[in-house]
Amino acid sequence: MRLATWNVNSLKVRLPQVLQWLAAHQPDVLCLQETKLEDANFPVRDIRAAGYHALFSGQKTYNGVAILCKTQVVDALTAIPGFIDPQKRVLAANVAGLRVICLYVPNGQSVDSDKYRYKLDWLAAAIAWLKRELAMNSRLAVVGDFNIAPDERDVHDPKAWEGQVLFSAPERRVFQDLLAVGLKDSFRLFDQPDQAYTWWDYRMNAFKRKMGLRIDHILISDDLAQCCRACTIDVEPRKAERPSDHAPVVAELSM
DNA sequence: ATGGTAGAAACTCTA
């Protein structure tokens with residue numbers, strides 16, 4: 001089965017690209033972040049016409065997550081249990097024989113901001129929840145935009161980014177705490193090319209200059225790591241007209 | 001030295 005994640009930065013704008021990508025790659029599951037759509041405006045019919053069911057939790061202007069899949073889903077959750085948060089950043093469901101959790105982790109803005117504190121608090125609550133999810137689901141995939149580059153290989157200029165939001169030491173420590181729950185970064189289970197990133201700023205020709213970060217991840221439990229055959233980043237959509245600033249990440253699981 | 005680009009929405013905020 002093919003499991004993918006993509007921060008689309010507005011599903012309204014990116015819908016044609018998402019439909020094209022679904023047709024070309026036929027993932028069993030595609031998790032989306034930053035849909036920026038209220039549920040009433042979700043393009044259910046277009047997605048359905050493409051052969052996919054859709055589960056979504058959105059809001060106007062900001063955030064919003066969705067899971068598109070070829071089979072129906074059950075046991076869906078739209079929030080971290082017990083963590084009160086009006087921002088729509090979480091979607092979990094049992095789909096295609098595994099538990100899939102789609103996350104849009106807060107960006108954090110800058111390390112001295114309230115939003116950075118919110119990011120760390122949010123991640124602490126997520127980690128406590130994911131421990132419980134993993135105890136109940138040995139086949140667990142936690143995917144999405146984590147807004148954290150785990151280590152120096154994941155940053156085009158680690159010296160310049162040291163201490164900055166997305167690469168600060170506290171965020172990187174939290175990412176390790178997340179893995180310590182019992183998850184593996186599927187991308188690093190395999191040999192990978194240098195300068196493999198999933199996000200490039202729209203500004204300053206960052207994509208062409210390979211000035212990116214790897215902040216979108218597919219984390220998988222040990223049981224899924226056993227059957228993971230590949231994890232790749234598809235940079236092609238980033239080359240399109242009016243692209244998202246993120247590229248999709250795809251994992252192949254033999255199950 | 002604090003830009004620059006994009007999206008949504010409303011003349012600003014978030015990333």
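The figures here come from the full heavy-atom set of this structure, side chains too, leaving out hydrogens, waters and symmetry mates. Naming convention: chains lettered A, B, ... in sequence-line order (proteins, then strands); numbering from 1 in each chain.
- Protein atom NZ of A:K60 is 11 Å distant from nucleotide atom C1' of B:dA10, rounded to whole Å.
- If you take atom P in B:dC13 and the same atom in B:dG3, they sit 14 Å apart, rounded to whole Å.
- Each of A:N7, A:L103, A:N107 was checked for a side-chain contact (heavy atoms from CB on, under 4.5 Å) with A:N147, and the lone residue meeting it is A:N107.
- The A:Q109 side chain lies nearest to B:dT14 when the options are B:dT14, B:dG7, B:dA9.
- B:dT5 atom C1' lies 15 Å from atom CG of A:N107, rounded to whole Å.
- One interatomic measurement links the two molecules: CD1 of A:I215 to P of B:dT14, which rounds to 18 Å at whole-angstrom precision.
- Where A:E34 and A:V13 each meet DNA chain B at their nearest nucleotide, the meeting point lying more 5' is that of A:V13.
- Within 4.0 Å (heavy atoms only), A:F207 reaches no atom of the nucleic acid at all.
- Salt bridge A:R172/A:E162: present, at least one basic N to carboxylate O contact under 4.0 Å.
- Contact annotation: A:R14 side-chain N/O to B:dG7 OP1/OP2 distance is under 4.0 Å.
- Salt bridge present: A:D222 and A:K184 bring a charged side-chain N and a carboxylate O closer than 4.0 Å.
- Comparing the same atom, C1', in B:dG4 and in B:dT14 gives a spacing of 15 Å after rounding to whole Å.
- Atom-to-atom, CG of A:D245 to C1' of B:dA15 comes out at 7 Å; the value is rounded to the nearest Å.
- To the nearest whole angstrom, the two C1' atoms, one in B:dA6 and one in B:dA10, are 16 Å apart.
- Checked against B:dG4, B:dA8, B:dG7, the side chain of A:N9 finds its nearest nucleotide in B:dG7.
- Spacing of P atoms, B:dA15 relative to B:dA9, comes out at 15 Å, to the nearest Å.
- Under 4.0 angstrom from either OP1 or OP2 of B:dA8 there lies no side-chain N or O belonging to A:K12.
- Between A:F167 and A:W161, the ring center distance fails the sub-6.0 Å criterion.
- Put simply, NE2 on A:H246 is 15 Å from P on B:dA6, counting in whole angstrom units.
- When distances are taken from the side chain of A:T61 to each of B:dA8, B:dC13, B:dA15, the shortest belongs to B:dA8.
- A:R203 has its CZ atom 9 Å from the P atom of B:dG4, to the nearest Å.
- With rounding to whole Å, A:E38 atom CD is found 13 Å from B:dA8 atom P.
- The nearest pair of heavy atoms linking A:Q26 to A:R2 is O-NH1, 4.2 Å.
- Taking the side chain of A:M204 as heavy atoms from C-beta on, and the options B:dT14, B:dA8, B:dG3, the nearest nucleotide is B:dG3.
- Where A:D201 and A:D145 meet DNA chain B, the nucleotide closest to each residue was compared, and A:D201 sits on the side nearer the 5' end.
- In this structure, A:E241 atom CD and B:dA6 atom P are separated by 10 Å, rounded to whole Å.
- Side-chain proximity of A:Y202 to the nucleotides B:dA15, B:dA6, B:dC13 is greatest for B:dA6.
- Between A:R242 and B:dG7, a side-chain N or O to OP1/OP2 separation shorter than 4.0 Å is present.
- Between A:R209 and A:D201 no salt bridge is recorded (no basic side-chain N to carboxylate O distance below 4.0 Å).
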